[in-house]
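Chain letters run A, B, ... following the sequence lines, proteins first and then strands; every chain starts at 1.
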Protein chains: 4
Amino acid sequence: MTLRPAPAWRTTAWLNTPQPLSLERLRGKVILLHAFQMLCPGCVARGIPQAQRVAEVFAGAPLVVVGLHTVFEHHEAMKLESLRAFLHEYRVKFPVGVDAPGEAGDPIPQTMSAYAMRGTPTTVLIDAQGRLRRQIFGVHDDLWLGAELQSLLLEAHPGPAFDVRRSKTQVLPSAACDDSGCAAPSDAAPD
Amino acid sequence: MTLRPAPAWRTTAWLNTPQPLSLERLRGKVILLHAFQMLCPGCVARGIPQAQRVAEVFAGAPLVVVGLHTVFEHHEAMKLESLRAFLHEYRVKFPVGVDAPGEAGDPIPQTMSAYAMRGTPTTVLIDAQGRLRRQIFGVHDDLWLGAELQSLLLEAHPGPAFDVRRSKTQVLPSAACDDSGCAAPSDAAPD
Amino acid sequence: MTLRPAPAWRTTAWLNTPQPLSLERLRGKVILLHAFQMLCPGCVARGIPQAQRVAEVFAGAPLVVVGLHTVFEHHEAMKLESLRAFLHEYRVKFPVGVDAPGEAGDPIPQTMSAYAMRGTPTTVLIDAQGRLRRQIFGVHDDLWLGAELQSLLLEAHPGPAFDVRRSKTQVLPSAACDDSGCAAPSDAAPD
Amino acid sequence: MTLRPAPAWRTTAWLNTPQPLSLERLRGKVILLHAFQMLCPGCVARGIPQAQRVAEVFAGAPLVVVGLHTVFEHHEAMKLESLRAFLHEYRVKFPVGVDAPGEAGDPIPQTMSAYAMRGTPTTVLIDAQGRLRRQIFGVHDDLWLGAELQSLLLEAHPGPAFDVRRSKTQVLPSAACDDSGCAAPSDAAPD
């Protein structure tokens, strides 16, 4: 199987980064590209939070999370100033590029077209060599995503697996049950 | 770093399997051992559903999910007959061993003691060579777990990554937004 | 419309109460009777938590929440000792009666039969005069339940409405957004 | 106790209604006024969905749900065109007024100031006589809200309680357990 290079990103602005990002600049890193619209309910409720979790859990790995604002409807409602406020209020910290408007009146922006994305949210996984490996439209599960990202990381950096951060292990009480679990009477040993 | 072999399992009964399981029988497979109590709220609400998701998402991989019923309180309330009904009602399909009661009046059952588990739920990851690699008490996130499991699978079976099943991608409507996402007006291309 | 009296409760044991409860003893109070089985997933995940919220929110009102353990399957798995541990682990504080076993081999217990309940969870609302007013099988929403309970309270005690406790209003930060909301820059006035 | 009239609404535009709304026009109806900002995460995730549930559950009652867009930050990002798209994408059907900008450079809009709201979301309950009865900043529970609304409805329209619609009772399977509950073997009687 021959893998094709991911199409170049065509953007008009970038937020949350001092300089524009490109596939070339990020060569050597695994990329999770998250295409969204700020007024897409599924993106807000599920897609963006998942991308943020990835950014946190894989914080120390050679992996970057990049947002792409692919507006294909309500263009007037989602201009740069609104996106900037949106990212602030939702505490989105990863870099976000603004997809370039479609040419000749095409409502679909250019990068979205180049990837033939079907809508938002779309999650694209790009390997360390800049090749397109996965493209998923809609909501998918964390177990799958964690496994896929680890595969791409190990492919690029064979050897001991990157020690992914557990972001949500909760501290449990010392001798009782709560919503997280039940502690044994003698809290014998640390993990 | 030298990795120690996982302690042997000491059980009195098994459910959801025609014959008892052991580390030896499962050599060559990655094991997720999920220790729980049927009356532990955190196990019921979060731990067991996560173990079930792993069993589904990694269904085709050389990986097995094994439950261990480690009762350390209310022993009379969680006998075999109750556990059997619990597994039926909660549709738990993976094999479950019943941890052997502690000796000399110890409320902590034997396998739980051998692993020095601090309570329930506890998730133990054992590699294909039978070595203990991770042990987590409490609730943790799917991204981390997916990445860890993939690491152990790739370590045991180098080469093309196992193609983990996406269990929850939702089909989206063809030209509108719903809770999952927004479809582009011309549904350009399949994933 | 003539309202019929609620059928008498036929029970073999009570937990979380120093003495058995009956419709006669509770006359003058609105009753939410919550019929459940400890191994019914929908009861554990949704029905019982709702009944507990009612008990908290209406804590100062002439209203009582009463549980009824209506086992109609896996009888051996849900005996008194298991129920006692279940109530402890899930921190159920309201009184719970154990429905009397069906006669002549009937798997359906007696009170469940007398109310013609279709399964668990079933929520029954009984007015202050002991009359059956609502009976719902399955999961229903809090807005509806809050409104129904307030109706029965006001019917029994006309005049100023009982001041139902807000159980979950969250305190918000003083000048920022979080998952709960956004505070105005000058936190002008208390509620 | 003397109850004060709710302050008049000062707005610059209305959406989802053929003509502007006012307290005078709505006299005789109970009002739930939901103040929000379209970029307030707590409003989007919890406040607006609750207001929508109220509109559905109390659809046949003399009660109206009215939104108020009270922008006090990122004014450029939440103009009318963006709000219109937001209401469309989130399927908000109730009327929404746009709060008039604060005078003399005040970032707080006029109605928000008149009510001394502390931030968004804020839920205001106004009785059928136009009097302010409750004002809550932040997230609160449905049981409380259902009870409060029913009190105001019964106060305005004494007699048989309005029959609030159960919006979410789920149909259950006929002889098994699922996430909602467990059906009895013989599905004896309809509710």
> Checking heavy atoms, do the side chain of B:Glu155, its backbone, both or neither come under 4.5 Å from chain A?
Replying inline: neither
>> I'd like to know if the side chain of A:Ser22 and the backbone of A:Arg25 have a donor-acceptor N/O pair within less than 3.5 Å.
In response: yes
> Parallel under 30°, tilted from 30 to 60°, perpendicular over 60°: which one fits the rings of A:Trp144 and A:His140?
Replying inline: perpendicular
>> Which residue is it: B:Thr70, B:Thr11, B:Thr111? I am looking for the one with a side chain to side chain donor-acceptor pair (under 3.5 Å) to B:Asp99.
In response: B:Thr111
> Does a side-chain N-to-carboxylate-O contact under 4.0 Å join A:Asp142 and A:Arg53?
Replying inline: yes
>> Tell me which of these, A:Gly42, A:Ser113, A:Pro107, has more heavy-atom pairs under 4.5 Å with chain B than the rest.
In response: A:Gly42
>> Taking side chain as everything from C-beta outward and backbone as N, CA, C, O, which of these in B:Val44 sits under 4.5 Å from a heavy atom of chain A? Side chain, backbone, both or neither.
In response: neither
>> Heavy-atom pairs under 4.5 Å with chain B - which of A:Pro41, A:Cys40, A:Gly146, A:Ala147 has more of them than the others?
In response: A:Ala147
